[in-house]
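A quick note: this is a predicted structure, and the numbers were derived from the prediction, not measured.
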Amino acid sequence: MDPFVRFVLPLWLGYMLDLLLGDPRSWPHPVKYYGRLIAFFTRRLNHGKGRLWKGALMTAGLCIAVFFFFYATQHLLAPWPWVQVLFASGMVFFALANRSLLQEGGEVFDTLQQQGVEAGRKRLSWIVGRDTSALSPGQIRTAVMESMSENLSDGVIAPLFYYALLGVPGMMLYKMINTLDSMIGYKNDQYLYFGRVAARLDDVANFIPARLTALLMVMVTGSGRAVRYVLRFGRAHASPNAGYPEAALAGILDCRFGGPNTYHGRVVVKPYIGEQARDIAHTDFRKVRYVNHAATLLMVLMTGLIAFFII
């Protein structure tokens with residue numbers, strides 16, 4: 001089978017499977033097993049002295065193991081091209097989260113509109129880490145939009161970026177890095193040292209994808225305000241990466257993200273991203289749905305086009 005076909009066919013099959021199926025909660029998923037591995041080693045290592053180097057060794061070991069597991073599997077399946085393509089397609093499907101991301105965000109919007117603010121707050125708490133108990137309807141929708149922009153980068157564009165660079169092994173390595181950060185990359189007493197390397201590695205891994213996500217969002221909307229916001233507010237976020245897609249979406253929607261929020265009983269004041277202090281409307285979700293689908297499709301097309309000229 002032609003190398004170009006081996007590369008592009010899984011990309012498109014995985015992308016279409018994500019569009020059709022999303023992320024069925026009952027299905028076995030590599031990230032679930034990543035989480036179990038991380039939890040297993042964390043319970044045994046995250047105590048006593050030397051937490052920084054123990055966390056660093058765990059992070060490095062799991063990342064190396066994941067990369068070489070998928071590299072070896074791809075190599076072993078090489079004599080059976082269609083089996084290799086099906087395996088790679090499944091991994092691309094599992095690595096992408098665009099439909100589930102839109103589904104989760106849409107469910108918060110629909111719950112808020114149909115069942116009221118209390119139900120909306122509860123549903124929002126499933127997808128964000130902040131305290132949702134006192135949020136207004138506008139703040140609930142704003143929190144969804146912030147999460148959508150960040151997760152478009154982490155859950156869609158970044159995996160595709162690493163597939164373009166390193167194929168399935170690179171894509172699944174990125175998912176391990178991202179899972180490590182989501183589980184142990186916190187600045188609290190439990191993980192401040194143990195998760196430090198994982199958090200920094202995630203920052204490095206997302207440096208280019210976050211900025212690429214903002215660029216794609218600008219390209220699919222043609223929003224000049226989004227360009228201005230990215231240049232002005234992209235660095236305003238505490239994260240070195242999350243501010244760029246947030247700023248792009250704030251520009252597209254002509255709204256403002258950031259400001260004070262409560263996390264685990266503590267008020268955290270974040271810089272504002274954007275200028276227009278308006279409440280997000282229920283109808284704004286349609287534009288975000290378009291942005292996500294269009295940016296994802298453009299990234300898939302660009303990846304295939306680059307592969308055509310290189311392979």
Walk me through whether Val108 and Ile127 qualify under side-chain contact (heavy atoms from CB on, under 4.5 Å).
CA-CA 9 Å; Val108 177; Ile127 64 172; 4.0 Å; yes

Using a 4.5 Å cut-off on heavy atoms from C-beta on, say whether the side chain of [Y] contacts that of [X].
X      : Y      : value
Phe87  : Pro10  : no
Arg228 : Glu275 : no
Cys255 : Ile280 : yes
Met299 : Leu212 : yes

Parallel, tilted or perpendicular: which fits the ring planes of [X] and [Y], with parallel below 30° and perpendicular above 60°?
X      : Y      : value
Trp27  : Phe93  : perpendicular
Tyr71  : His75  : parallel
Phe285 : Phe109 : tilted
His29  : Phe94  : perpendicular

Calculate, to the nearest 0.5 Å, the distance between atoms [atom1] and [atom2] belonging to [X] and [Y] respectively.
X      : Y      : atom1 : atom2 : value
Leu17  : Leu13  : CG    : CG    : 6.5 Å
Leu102 : Thr296 : CG    : OG1   : 8.0 Å
Phe67  : Leu173 : CZ    : CG    : 7.0 Å

For residues [X] and [Y]: do they belong to one hydrophobic cluster (side chain heavy atoms under 4.5 Å, members Ile, Leu, Val, Met, Phe, Trp, Tyr)?
X      : Y      : answer
Phe257 : Tyr244 : no
Leu249 : Tyr290 : yes
Val117 : Leu124 : yes

Side-chain donor-acceptor pair present, Asn46, Thr42, cut-off under 3.5 Å
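The answer is no; no qualifying pair exists.
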
Holding to ring-ring contact (aromatic ring centres under 6.0 Å, His included), I want the full list of residues that pass it with Tyr163, two or more places apart in sequence or in another chain.
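Listed in chain order: Phe7.
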
